[in-house]
6 protein chains.
Amino acid sequence: MSLQSDHRIGKHAMLLLLSEDECNMPDCWKSCKGKVGTMDSQKIIAAIETAAKNNGIVDGDIYRETHALYHAIIEALHGITRGQLSIGSVLRTVGLRFSIVRGNPYEKQQEGEWIAVALYGTIGAPIKGLEHETMGLGINHI
Amino acid sequence: MSLQSDHRIGKHAMLLLLSEDECNMPDCWKSCKGKVGTMDSQKIIAAIETAAKNNGIVDGDIYRETHALYHAIIEALHGITRGQLSIGSVLRTVGLRFSIVRGNPYEKQQEGEWIAVALYGTIGAPIKGLEHETMGLGINHI
Amino acid sequence: MSLQSDHRIGKHAMLLLLSEDECNMPDCWKSCKGKVGTMDSQKIIAAIETAAKNNGIVDGDIYRETHALYHAIIEALHGITRGQLSIGSVLRTVGLRFSIVRGNPYEKQQEGEWIAVALYGTIGAPIKGLEHETMGLGINHI
Amino acid sequence: MSLQSDHRIGKHAMLLLLSEDECNMPDCWKSCKGKVGTMDSQKIIAAIETAAKNNGIVDGDIYRETHALYHAIIEALHGITRGQLSIGSVLRTVGLRFSIVRGNPYEKQQEGEWIAVALYGTIGAPIKGLEHETMGLGINHI
Amino acid sequence: MSLQSDHRIGKHAMLLLLSEDECNMPDCWKSCKGKVGTMDSQKIIAAIETAAKNNGIVDGDIYRETHALYHAIIEALHGITRGQLSIGSVLRTVGLRFSIVRGNPYEKQQEGEWIAVALYGTIGAPIKGLEHETMGLGINHI
Amino acid sequence: MSLQSDHRIGKHAMLLLLSEDECNMPDCWKSCKGKVGTMDSQKIIAAIETAAKNNGIVDGDIYRETHALYHAIIEALHGITRGQLSIGSVLRTVGLRFSIVRGNPYEKQQEGEWIAVALYGTIGAPIKGLEHETMGLGINHI
């Protein structure tokens with residue numbers, strides 16, 4: 001594919017969460033990580049949006065950047081929730097770590113920047129230990 | 001969590017796809033990997049089921065094993081397709097690598113065996129290069 | 001509820017499929033039963049629509065009757081497929097019996113006629129025996 | 001099918017709700033019934049989980065049992081809500097009776113135990129009488 | 001189509017929202033308009049139902065009329081939300097205008113009356129200006 | 001809102017389909033119209049993508065443009081199909097006209113260009129006349 005092999009933005013985003021090794025991401029890319037535990041989908045979205053703005057990954061004053069990030073988050077949440085975006089309303093809770101990466105995954109300069117949101121953690125009943133792992137990845141042009 | 005830290009079955013399944021390092025999975029666990037490129041969801045399911053049977057990860061004669069695997073696959077596909085299980089019918093194509101891991105992720109013996117299906121690859125228009133990365137993970141008790 | 005206790009159209013429709021006892025449905029109600037086995041959702045819809053027309057339960061020349069029936073069928077299929085209307089495209093097959101009942105479930109005359117579609121059978125892998133039961137019910141005003 | 005004709009767990013679960021006849025369920029099977037009226041999906045899930053634990057149908061300390069039950073409940077809710085798991089958030093309310101059955105529906109001993117959750121009642125506007133019937137069935141290996 | 005060209009109920013409903021021209025709707029049709037801004041799907045449904053009753057478009061005492069309207073609203077909301085009916089729970093807010101039209105769109109008298117619900121406005125983050133347009137249309141027999 | 005009142009890209013796109021008046025779209029915007037009748041979602045997507053490329057609205061060699069258009073189409077299809085993207089597989093057929101508009105809907109220059117896809121036509125049984133109207137709108141940054 002025309003995705004450059006060392007520019008795979010989704011893979012980089014997920015390895016930030018899964019691997020302890022130093023990650024050799026391209027220098028000019030921006031990224032950050034965070035955590036959120038909740039029964040409420042909107043808190044996950046808010047936590048990721050806030051982290052992205054505070055770390056200068058998106059400019060909160062430009063709607064197109066917020067819009068791109070929002071859809072990447074929603075796509076990642078589909079992997080987490082697998083069928084319905086609901087969490088607490090179907091009596092589930094999640095404990096997630098997230099990463100956000102912004103960079104240019106394609107060789108052609110015209111493809112510009114893209115954003116990846118990766119999520120990894122647990123989902124389950126609101127009782128400690130009654131949970132299994134869950135993952136999600138969303139990617140959008142920005 | 002009561003998930004043992006080195007027994008995270010979903011993380012092991014995804015690292016089999018993303019990382020080139022030797023994976024230190026518990027000895028007694030079973031796993032395999034494969035590839036499938038298609039516009040047709042049912043071919044993804046068939047490829048994973050066939051690999052799981054051929055590698056002795058599930059027993060194809062026992063419905064409860066097939067049933068557990070089937071739902072893990074469908075959950076992983078939700079991460080890949082993000083909202084609708086359709087691929088070709090919405091003019092998309094995927095190129096995926098998959099891994100299947102069977103093992104005991106919990107300390108308590110009664111929790112028994114679970115199965116994880118991880119998917120990583122690209123999704124996009126049926127034209128080379130017009131694609132981005134996609135991931136999915138499904139986990140079920142078996 | 002203002003549903004008359006012996007006029008529960010959904011319960012009557014499901015008992016037509018589940019029970020061998022004579023069913024004491026109100027005299028003026030119309031009903032029929034049928035069977036369909038397929039991997040293709042549109043064949044289920046077509047089988048039910050054809051049975052409804054051939055048995056005089058709906059008038060195929062009047063769109064509002066077809067429209068009411070169509071939505072009752074789709075709602076029943078949600079119970080069968082539990083999340084996505086797909087069958088064959090996610091490598092499943094079904095063997096279903098169906099019933100259609102048309103009558104007046106409410107005491108008030110103004111509530112007029114309603115239609116119920118009940119489905120009961122098995123869903124599973126396209127291999128004999130690898131299947132479990134499934135049910136669905138759809139109800140609409142007509 | 002290899003489902004034994006008198007071991008149809010889903011049919012037994014639904015007849016517990018629909019029929020006044022004594023039900024001739026296999027002796028070794030476990031079952032219970034209950035009721036819940038709410039605008040809130042999570043209360044339905046909680047009511048069923050609580051009934052299942054209190055009646056010894058699942059062991060609440062074993063996650064694999066809770067996990068199996070949870071997915072059976074969610075599948076049954078798809079039949080009730082027909083497209084979106086939401087109830088109150090789309091201004092609907094439900095009055096449901098539920099049954100839970102645990103047993104061995106297959107001849108082969110290796111298929112082990114399965115669990116069925118059946119739901120039957122009404123769904124409609126939060127105004128008495130503006131409602132119609134609804135049903136759902138979920139089945140899972142346990 | 002057998003939809004009469006000047007009796008297109010959905011087009012009339014949407015033009016009530018989009019166009020400033022006088023609308024030449026058939027004389028005997030009933031219609032009304034309203035507004036709602038919220039993060040809560042149930043408030044949209046309630047606002048439209050209330051407007052329909054207060055303007056004599058549906059009779060709130062007849063369930064079949066409420067049922068027909070309810071499903072038209074839900075279908076229109078699918079166009080607004082594009083994939084999941086959630087609004088606030090996925091951190092979105094909407095500012096909508098709505099119209100409701102009741103009339104006979106088909107030449108054949110037997111087709112009777114139908115109802116259309118049109119929605120037009122903005123959807124976006126709960127921050128002024130971070131929003132784009134959205135539209136939805138639902139149609140049902142009544 | 002910061003959407004300029006005469007730059008409402010979604011409204012312009014829908015009025016291109018619904019109104020016979022000359023449309024006073026901003027001069028620098030690009031737009032085109034087309035038609036497609038089919039039981040197959042992928043043909044709708046292909047027809048719109050082809051029209052967009054042939055009319056110079058998107059550059060087919062740049063993936064980010066194709067990606068932006070694709071998601072706008074899928075969002076518009078949600079309004080058309082109202083719950084599941086399927087058409088033929090649930091025994092429906094559509095006759096649609098579509099418009100595509102590319103322009104700058106926001107006052108701030110940094111918001112750049114956006115794309116709107118509007119759909120209007122009929123959906124129904126594959127029998128002439130058994131159909132009602134349907135609409136959809138999708139908007140994305142490009």
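In the text below, chain A, chain B and the rest are named by the order of the sequence lines, each starting its count at 1. Given the structure is predicted, the values throughout are model-derived calculations rather than measurements.
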Query raised in the report: According to the interplanar angle, ranging from 0 to 90°, do the rings of H67(F) and H132(B) count as parallel (below 30°), tilted (30 to 60°) or perpendicular (above 60°)?
Result: perpendicular

May I ask you to check whether over 12 heavy atoms, not counting those of K53(B), lie within 6.0 Å of atom NZ? yes

Cut-off 4.5 Å, heavy atoms of chain B, and the answer for I74(F) is side chain

Per-residue tally against chain F (heavy atom, under 4.5 Å) across S86(B), G124(B), G88(B) peaks at G88(B)

Applying a strict 4.5 Å limit to non-hydrogen atoms, the region of Q84(F) in contact with chain B is both

*List the steps, then state whether side-chain contact (heavy atoms from CB on, under 4.5 Å) holds for Q42(F) with M39(B).*
CA-CA 11 Å; Q42(F) 72 183 346; M39(B) 292 186 75; 4.3 Å; yes

Open item on the list: Please determine whether side-chain contact (heavy atoms from CB on, under 4.5 Å) holds for the pair I127(B) and Y63(F), giving the CA-CA distance in whole Å, both sets of side-chain angles, and the decisive distance to 0.1 Å.
Closed with: CA-CA 10 Å; I127(B) 296 173; Y63(F) 178 44; over 6 Å; no

Honestly, the part of S41(F) sitting under 4.5 Å from a heavy atom of chain B is both

Between I45(F) and V90(B), the two heavy atoms sitting closest are CD1-O, 3.3 Å

